**Student:** 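Sending over a structure as structure tokens; questions will come in a sec.
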Amino acid sequence: MASSQSTPLLWRNVTLFDGLEQLPEPMAVLVEHGRVAGLWRENEFDPSQASGAKEAASGGVMTPGLVDCHTHLVYAGDRAAEFEQRLEGVSYETIARNGGGILSSVRATRAASEDELIAASLPRLDALLADGVTTLEIKSGYGLTVADELKMLRVARRLGELRPVRVLTTLLGAHALPPEYAGRADDYVSLVCDEMIPAAAREGLADAVDVFCEGIGFSPAQCERIYQAAQAHGLAIKAHAEQLSNLGGSALAARYGALSADHIEYLDEAGVGAMAEAGTVAVLLPGAFHVLRETQMPPIELLRQYGVPMAVASDANPGTSPICMPTLMANLACTLFRLTPREALAGMTAHGARALGLPDLGRIAVGAPADLCLWDIRQPAELAYAVQAGRLRQRVFNGAITYAR
């Protein structure tokens, strides 16, 4: 992880999106000791307020560093053949029930060493960083044994040491039923609760626990057992819920104080209300919606009406969203789900950070951590409007410039 910059840094005349809104006037931004130390309207800025600071850049659009709050970045193999199958008319559910889908990635990931997983994952991580990500979540879920899930989590932690990025890890042992537990789902849930979660907590490898609450995943009753085990070990809770059907998984997660419920295409008003009451973030994953050619849209208007924060994430994974370009997700959130550009950018900054339990991140405010991006664009909406690589001029992580063009 990059250390903070010792010399104060100053940006002048930037158009600023603070994580929730675009500020109406050009701004000057001072960074010192890894944090935002000053914000001024450009026409009111006195250089004596930042004496000793090095001018880092002038002009452009500044946003918080992007937060990708839902990824499955660590895996081996690929699923290009399944991509072809789906285009030939085979459903995702049929592929999964025939041993493909998640279980295909499980076989490849189990066979890979930690070093092989690092080598496979680093190019994907580098692609996210090149598109402005400074914080991301990485889930396990392609191991489905205690040893292999811990292996994935160790790799995720190592990725955060090899690059200037903040990595949070989530144990997703309840991603799919492994073949050796066919017909014994409750026994596998016992393994997750009694061995996997305690081991991950004991070794400090997981920040949260996630479940796939779905007909081809795990029932609400099984997910509740996992939530109880997670709470007992002091781990935060997240949920893959309402992606393919409405089982009430989002409302269940909200009752347990979940940080987020993710996918949520089939979420109903009762679930939205439960999330609003609990402060649970709705994580929209337009990449999977796009790749799977889904037609059931998340209840965007209900989420707005109830004031539920909407995060947007890449869901980068080998099967249903093999996409490592967060700004494309901002575009898809607008074009497919009808978010405004402001909502999409807030979803990848302030609300994405909140979905990870990090409300101080994803904002540009005095005292906030200095994770910043400077873009060669004229207005923030361009990040969602155009799908175009190479617009990042500078990436600042923990107060240090880690990329400059």
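Treat the numbers as computed from the prediction; the structure is a model and nothing was measured. Heavy-atom basis, side chains included; hydrogens, waters and symmetry copies ignored.
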**Student:** Establish, from distance only, whether the side-chain atoms of N13 and S58 form a donor-acceptor pair under 3.5 Å.
**Tutor:**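 No, S58 and N13 have no side-chain donor paired with an acceptor closer than 3.5 Å.
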**Student:** Which pairs pass salt bridge (charged side-chain N to carboxylate O under 4.0 Å, His left out) with one or both residues in residues 209-234, sequence neighbours excluded?
**Tutor:**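 Residue pairs passing salt bridge (charged side-chain N to carboxylate O under 4.0 Å, His left out), neighbours aside: K139-D210.
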**Student:** So how far is it from I237 CD1 to T280 OG1, rounded to the nearest 0.5 Å?
**Tutor:**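 Spacing of CD1 (I237) from OG1 (T280) equals 9.5 Å.
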**Student:** Using residues 322-332 as the side-chain source, report each donor-acceptor pair under 3.5 Å to any protein atom, sequence neighbours left out, with the distance given to one decimal.
**Tutor:**
unit_1, atom_1, unit_2, atom_2, d
T327, OG1, D131, OD1, 3.2
T327, OG1, D131, OD2, 2.8
N331, ND2, A384, O, 2.9
N331, ND2, Y385, O, 3.3

**Student:** Keeping the roles fixed (side chain from R86, backbone from S91), state whether a donor-acceptor pair exists under 3.5 Å.
**Tutor:**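 No, because the side chain of R86 does not come within donor-acceptor range (under 3.5 Å) of the backbone of S91.
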**Student:** So, does H175 use its side chain to make a donor-acceptor pair with the main chain of G141 at under 3.5 Å?
**Tutor:**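 Yes, because the side chain of H175 sits within donor-acceptor range (under 3.5 Å) of the backbone of G141.
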**Student:** Checking the side chain of R154 only, and the main-chain atoms of E149 only, is there a donor and an acceptor separated by less than 3.5 Å?
**Tutor:**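 No; judged by distance alone, with no hydrogens or angles, the pair does not exist.
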**Student:** Using the side-chain contact (heavy atoms from CB on, under 4.5 Å) rule, take T170 and V209 through it: C-alpha gap first, then chi angles, then the decisive distance, then the call.
**Tutor:** CA-CA 5 Å; T170 296; V209 171; 5.7 Å; no
**Student:** Decide if atom CZ of R378 counts as having more than 12 heavy atoms of other residues, nucleotides or ligands within a radius under 6.0 Å.
**Tutor:**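 No - once you tally the heavy atoms of other residues, nucleotides and ligands closer than 6.0 Å, there are 12 at most.
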**Student:** Can a donor-acceptor pair be found, under 3.5 Å and without considering hydrogens, that links the side chain of N317 to the backbone of T320?
**Tutor:**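 Yes.
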**Student:** Do the non-hydrogen side-chain atoms of W40 and L30 ever get within less than 4.5 Å of each other?
**Tutor:**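 With C-beta onward as the side chain, the pair touches.
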**Student:** Hey, is R110 close enough to E180 for a salt bridge, meaning N to O under 4.0 Å?
**Tutor:**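 Answer for the salt bridge query: yes.
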**Student:** Within the distance-only criterion (no hydrogens, no angle test), does the side chain of T402 pair as donor or acceptor with the backbone N or O of R395 below 3.5 angstrom?
**Tutor:**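 Confirmed, T402 side chain pairs with R395 backbone.
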**Student:** Does the side chain of L252 reach to within under 4.5 Å of the side chain of C223, using non-hydrogen atoms?
**Tutor:**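 In short, these two side chains touch, coming nearer than 4.5 Å.
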**Student:** Who pairs with Y256 by ring pair (Phe, Tyr, Trp, His ring centres under 6.0 Å), at least two apart in sequence or on another chain?
**Tutor:**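 Residues passing ring pair (Phe, Tyr, Trp, His ring centres under 6.0 Å) with Y256: Y227.
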**Student:** D360: which residues meet the salt bridge (charged side-chain N to carboxylate O under 4.0 Å, His left out) condition with it, sequence neighbours left out?
**Tutor:**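 Checked D360 against salt bridge (charged side-chain N to carboxylate O under 4.0 Å, His left out); zero matches.
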**Student:** Would you say R124's side chain and L73's backbone share a donor-acceptor pair under 3.5 angstrom?
**Tutor:**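 Yes: the side chain of R124 pairs with the backbone of L73.
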**Student:** I want to check something: taking the side chain as every heavy atom from C-beta on, are L103 and P179 in contact at a cut-off of under 4.5 Å?
**Tutor:**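 L103 reaches P179 side chain to side chain.
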**Student:** Please say which of L356, D68, L66 ends up in a side-chain contact (heavy atoms from CB on, under 4.5 Å) with T135.
**Tutor:**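 Exactly one pass, corresponding to L356.
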**Student:** Can you check side-chain contact (heavy atoms from CB on, under 4.5 Å) on L23 and D18, steps first, answer last?
**Tutor:** CA-CA 7 Å; L23 302 193; D18 68 2; 3.9 Å; yes
**Student:** So, F289 versus F337, ring centres under 6.0 angstrom or not?
**Tutor:**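 Aromatic pair counts; centres sit under 6.0 Å.
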**Student:** Taking side-chain contact (heavy atoms from CB on, under 4.5 Å) as the definition, give me every residue that meets it alongside V366, ordered by chain and number, with sequence neighbours left out.
**Tutor:**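 Once residues adjacent in sequence are excluded, the partners of V366 under the side-chain contact (heavy atoms from CB on, under 4.5 Å) criterion are L39.
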**Student:** Excluding sequence neighbours, so at least two apart, what forms ring pair (Phe, Tyr, Trp, His ring centres under 6.0 Å) with F218?
**Tutor:**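 F218 satisfies ring pair (Phe, Tyr, Trp, His ring centres under 6.0 Å) with no residue once adjacent residues are dropped.
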**Student:** Any side-chain heavy-atom pair from M196 and L191 closer than 4.5 angstrom?
**Tutor:**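 In contact.
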**Student:** Run the ring pair (Phe, Tyr, Trp, His ring centres under 6.0 Å) test against Y181 and tell me which residues pass, sequence neighbours left out.
**Tutor:**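 Here the qualifying residues are Y188.
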**Student:** Answer whether the closest heavy-atom distance between the side chains of L235 and I197 falls below 4.5 Å.
**Tutor:**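 L235 reaches I197 side chain to side chain.
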**Student:** Parallel, tilted or perpendicular, judged at 30° and 60°: which one describes the rings of H72 and Y142?
**Tutor:**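 Aromatic pair H72/Y142 classed tilted.
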**Student:** For L345, give me all partners under side-chain contact (heavy atoms from CB on, under 4.5 Å), at least two apart in sequence or on another chain.
**Tutor:**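 Only F17, P380, L383 meet the side-chain contact (heavy atoms from CB on, under 4.5 Å) criterion with L345.
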**Student:** Do S104 and R79 get their side chains close enough for a donor-acceptor pair, meaning under 3.5 Å?
**Tutor:**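 Absent: no donor and acceptor within the cut-off.
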**Student:** Taking atom types as modelled, find out whether T7 and K54 have a side-chain donor-acceptor pair closer than 3.5 angstrom.
**Tutor:**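 No.
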**Student:** R166 and side-chain hydrogen bond (donor to acceptor under 3.5 Å, both in side chains): which single residue from T134, N398, D371 fits?
**Tutor:**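 One option only clears the test, and that one is D371.
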**Student:** Can you tell if the side chain of L259 reaches within under 4.5 Å of the side chain of R354, non-hydrogen atoms only?
**Tutor:**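 Of all side-chain heavy-atom pairs linking R354 with L259, none is under 4.5 Å.
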**Student:** Report yes if some heavy atom in the side chain of Q22 is under 4.5 Å from a heavy atom in the side chain of T15; otherwise report no.
**Tutor:**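 In short, these two side chains touch, coming nearer than 4.5 Å.
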**Student:** Under the side-chain contact (heavy atoms from CB on, under 4.5 Å) test, which residues partner Q394, sequence neighbours left out?
**Tutor:**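 For Q394 the side-chain contact (heavy atoms from CB on, under 4.5 Å) partners, ignoring immediate neighbours, are W11, A56, A57, L374, I401, A404.
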**Student:** Apply salt bridge (charged side-chain N to carboxylate O under 4.0 Å, His left out) to E44 and list each qualifying residue two or more places apart in sequence or on a separate chain.
**Tutor:**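 Applying salt bridge (charged side-chain N to carboxylate O under 4.0 Å, His left out) to E44 gives R41.
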**Student:** Check whether T109 reaches the backbone of Y75 with its side chain - one donor and one acceptor, N or O, closer than 3.5 Å.
**Tutor:**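 Absent.
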**Student:** Keeping R163 on the side-chain end and D126 on the backbone end, is there a donor-acceptor pair under 3.5 Å?
**Tutor:**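 Not confirmed, R163 side chain does not pair with D126 backbone.
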**Student:** Give, for atom CZ of R393 and atom SG of C373, the distance between the pair rounded to the nearest 0.5 Å.
**Tutor:**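 Here the rounded value is 12.5 Å.
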**Student:** Please check if the number of heavy atoms outside Q379 that lie under 6.0 Å from its CD is greater than 12.
**Tutor:**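 It does: Q379 CD has more than 12 such atoms within range.
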**Student:** Is there a side-chain contact (heavy atoms from CB on, under 4.5 Å) between T169 and S140 once you walk through the steps?
**Tutor:** CA-CA 8 Å; T169 56; S140 65; over 6 Å; no
**Student:** May I ask you to decide whether E161 forms a salt bridge with R158, counting only side-chain N to carboxylate O separations under 4.0 Å?
**Tutor:**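 R158 and E161: not salt-bridged.
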**Student:** Who are the salt bridge (charged side-chain N to carboxylate O under 4.0 Å, His left out) partners of R184, not counting sequence neighbours?
**Tutor:**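 Testing R184 for salt bridge (charged side-chain N to carboxylate O under 4.0 Å, His left out), a comparison that skips the adjacent residues, returns D187.
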**Student:** Quick one: pull up CE in M297 and CG in L284 and give me the separation to the nearest 0.5 Å.
**Tutor:**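 Between M297 CE and L284 CG, I get 9.5 Å after rounding to 0.5 Å.
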**Student:** Going through the checks in order, is the side-chain contact (heavy atoms from CB on, under 4.5 Å) test met by E25 and E42?
**Tutor:** CA-CA 8 Å; E25 299 175 52; E42 181 65 35; over 6 Å; no
**Student:** Does S314 use its side chain to pair, donor to acceptor, with the backbone of A316 at less than 3.5 Å?
**Tutor:**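 Yes; judged by distance alone, with no hydrogens or angles, the pair exists.
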**Student:** So how far is it from I364 CD1 to T349 OG1, rounded to the nearest 0.5 Å?
**Tutor:**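 One finds 8.5 Å between CD1 of I364 and OG1 of T349.
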**Student:** Ignoring hydrogens and geometry beyond distance, is a side-chain donor-acceptor pair present between S113 and D115 at under 3.5 Å?
**Tutor:**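 No - no donor-acceptor pair under 3.5 Å links their side chains.
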**Student:** State which residues pass ring pair (Phe, Tyr, Trp, His ring centres under 6.0 Å) with H263; sequence neighbours excluded, sorted by chain then number.
**Tutor:**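 Testing H263 for ring pair (Phe, Tyr, Trp, His ring centres under 6.0 Å), a comparison that skips the adjacent residues, returns H70, H240.
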**Student:** Return the CG to CD1 distance between D207 and I138, rounded to the nearest 0.5 Å.
**Tutor:**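 Between D207 CG and I138 CD1, I get 11.0 Å after rounding to 0.5 Å.
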**Student:** Ignoring hydrogens, what is the shortest heavy-atom contact between L339 and R304? Give both atom names and the distance.
**Tutor:**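 Looking at all heavy atoms of both residues, the shortest contact is CA-NH2, 3.8 Å.
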**Student:** Would you compute the distance between atom CG of D315 and atom CG of L285 and round it to the nearest 0.5 angstrom?
**Tutor:**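 Here the rounded value is 4.5 Å.
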**Student:** Using a 3.5 Å distance criterion without hydrogens, assess whether the side chain of E343 forms a donor-acceptor pair with backbone atoms of T340.
**Tutor:**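 Flag set: sc E343 to bb T340 pair under 3.5 Å.
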**Student:** So do V67 and L136 actually touch side chain to side chain, heavy atoms under 4.5 Å?
**Tutor:**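 No. Closest side-chain heavy atoms not under 4.5 Å.
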